Amino acid sequence: MDAAGIAFQILQSVFVVLAAPALLGWVNQCRAWLQNRKGPGILRPYFLLWRLFHKEAVVAHNASALFRATPYVLFGCMWLAAGIVPVLATDLPFAFAADIIALVGIFALARVFISLAAMDIGTAFGGIGARREMLIGFLAEPAMLMTLFTAAFLSGSTALTTIVETLAHREFAIHPGLACAAVAFLMVLLAENARIPVDNPTTHLELTMIHEALILEYSARHLALVEWAAAIKLFAYMTIGIALFVPWGIAEGSDWLGLPLAVAAAAAKLALAGAGLAVLETVSAKFRVFRAPEFLSTAFLLAVLGMLVHFLTDV
Amino acid sequence: MTEQWVNLAATILLIIAFAMLSQRRVLSLVRLFAWQGLVLSVSTAMVAYSTGQSHLWISAALTLGLKVIVLPIVLHSLIVRLNVRWDVEPLINVPTTMLAGIGLVIFAFALATPISQLAGTVTRSTLGIALASVLLSFLMMIVRRKAVPQVIGFLAMENGLFFAATSATYGMPLVVELGIALDVLVGTFVFGIFFFHIRETFDSLDIRHMEKLKED
């Protein structure tokens, strides 16, 4: 752990927190274009956060300390997760805080807290949202782990930085197992980030909400933190996907000269991924809630098949 | 490089086998069967190109003509004429079938690994996948109640066997392949005739009704 590494770590952590709302804005902008609307512009989420931070927070009378603490826990979890995923460089001193299994654990911690907070007030929609969130979560988690295990077997390590270094260095080869895992990961990404086939992020119908139902009781700075955390979560998932499946262009070690290229590559890949997400959300319709288990068990199936095929073909 | 592409094709075959297992609509099943044939034909052509085995070109062309074009058209017209477009309900629910399928895949891979080490072909690692798709098609025949999906399962099993032959020994001798192709074609026509007879006798293609035959 040297000074350059720490500088890189701080740079990356600040970068992800500041860039995450822009990614969300970009996805919304692409969706608007695809729906033949003018769109709010990619800076909209920043204005929204700004506005929310300047409002007076209203909290229910029976809210416990858990309810107030959750937005900060959520934001902290997501920031930590996004901070240890190699986005710009692979030399991240904090990355050893969590390998891929602990990373899934961090997301699970955030999920438990937001679900508890949603049930804390005791409204009906909070309860519905929490149950649905846990249903989706417990099905998505094994699929996510299996996906990550495929990449871990391929590179012989569960540390994300090592995986990325190994995968970025090998000469290009077709890994059918990794391809299966990539599709499974995409499905998990859609489910975990409350995107369209599973949940609609722009819905106003309380009965179909999952993510939105969880945060109905939050306002002002609490809501801003929750929304910001959601943006960082999407950013983190996308960067995990990029790191595992298209890691080329990342700066090796503490290579300051490679940094401009790494930033350009990361921005281009994220822009492409965001546009792809917008297309996917535009062409598909939301499932009934009870179809979600089938969707996620397909993801799990693909991830397991990916791992099995990897053992058969690559070893 | 060919090996990687064949591995990719094999993985696609495996995923199509699972898709067929979970598919509830008969017409989509036929479409998936055609896709399976296409992937099989492409992978056979790739093996033919890389190894220079000329008879594999013929079997790739046979697969393309028979399993991608002729059989799906025949099955499609059969389904339209028999008016059995409705959804097929499997005997056990889809997630359970999927779990059983994963078990079969693990079994097939474990079984094929020692065998494939004996084979000297570039495609030997796909033997497990071929075996798995045979077993998955077999499972599909078991869990379906209607006659048409069972026949599609049978044809898909033949696809798996064909793929196994290609991956283990660069295909069977041409005479055998021609014979099998003819058998499959004739078999489909015979099945078609059977469908009409089954429907005339029982007013349905549900093969549960055939249990009544024992009582007479």
Side-chain angles (χ1 to χ4, degrees), chain A residues 135-136 138-143 145-147 149-151 153-154 167 170-188 191 197-198 245-246 287-315, chain B residues 1-24 39 43 46 90 93-117 119 122-133 135-136 164 167:
Chain A
L135 172 75
I136 305 266
F138 105 96
L139 288 163
E141 230 163 68
L145 275 174
M146 284 295 168
T147 307
F149 283 159
T150 310
F153 277 122
L154 206 59
L167 291 181
R170 337 166 46 110
E171 56 181 304
F172 179 73
I174 305 162
H175 295 292
L178 211 53
C180 278
V183 178
F185 183 82
L186 176 67
M187 295 167 88
V188 173
V198 179
F245 306 115
V246 278
F287 289 153
R288 289 185 298 144
V289 171
F290 297 108
R291 285 286 304 281
E294 216 165 280
F295 180 76
L296 286 167
S297 60
T298 311
F300 179 69
L301 177 85
L302 275 173
V304 171
L305 280 185
M307 199 169 74
L308 290 174
V309 166
H310 160 72
F311 276 121
L312 197 70
T313 56
D314 290 332
V315 178
Chain B
M1 199 62 198
T2 320
E3 194 188 341
Q4 289 175 7
W5 283 106
V6 173
N7 282 345
L8 186 67
T11 311
I12 296 173
L13 274 185
L14 191 63
I15 289 169
I16 292 178
F18 268 101
M20 287 171 98
L21 203 57
S22 68
Q23 187 52 255
R24 292 199 182 89
V39 174
S43 82
M46 281 188 299
N93 67 0
V94 172
T96 317
T97 321
M98 290 293 158
L99 283 179
I102 289 184
L104 278 181
V105 171
I106 294 172
F107 173 72
F109 282 13
L111 197 67
T113 311
I115 304 171
S116 61
Q117 275 159 2
V122 290
T123 52
R124 61 178 178 273
S125 56
T126 56
L127 185 62
I129 295 180
L131 193 59
S133 44
L135 289 178
L136 286 173
S167 55

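Side chains are part of it too, since the values below use all heavy atoms of this structure and drop only hydrogens, waters and symmetry mates. Residue numbers begin at 1 in each chain, while the letters A, B, ... track the order of the sequences. Predicted, not measured: the structure shown is a model, and the values here were computed from it.
Partners of Glu294(A) under the salt bridge (Lys or Arg N to Asp or Glu O under 4.0 Å) rule, at least two apart in sequence or in another chain, are Arg291(A), Arg24(B).
Rounded to the nearest 0.5 Å, atoms CD1 (Ile102(B)) and CG (Leu308(A)) are 7.5 Å apart. With rounding to the nearest 0.5 Å, the separation of NE2 in His175(A) from CG in Asn7(B) is 10.5 Å.
Close approach to chain A, defined as a heavy atom under 4.5 Å from one of its heavy atoms, is seen in Thr11(B), Leu14(B), Ile15(B), Phe18(B) of residues 9-18 of chain B, taken by number.
Contacts between Leu305(A) and chain B at a heavy-atom distance below 4.5 Å involve the side chain alone, from C-beta outward.
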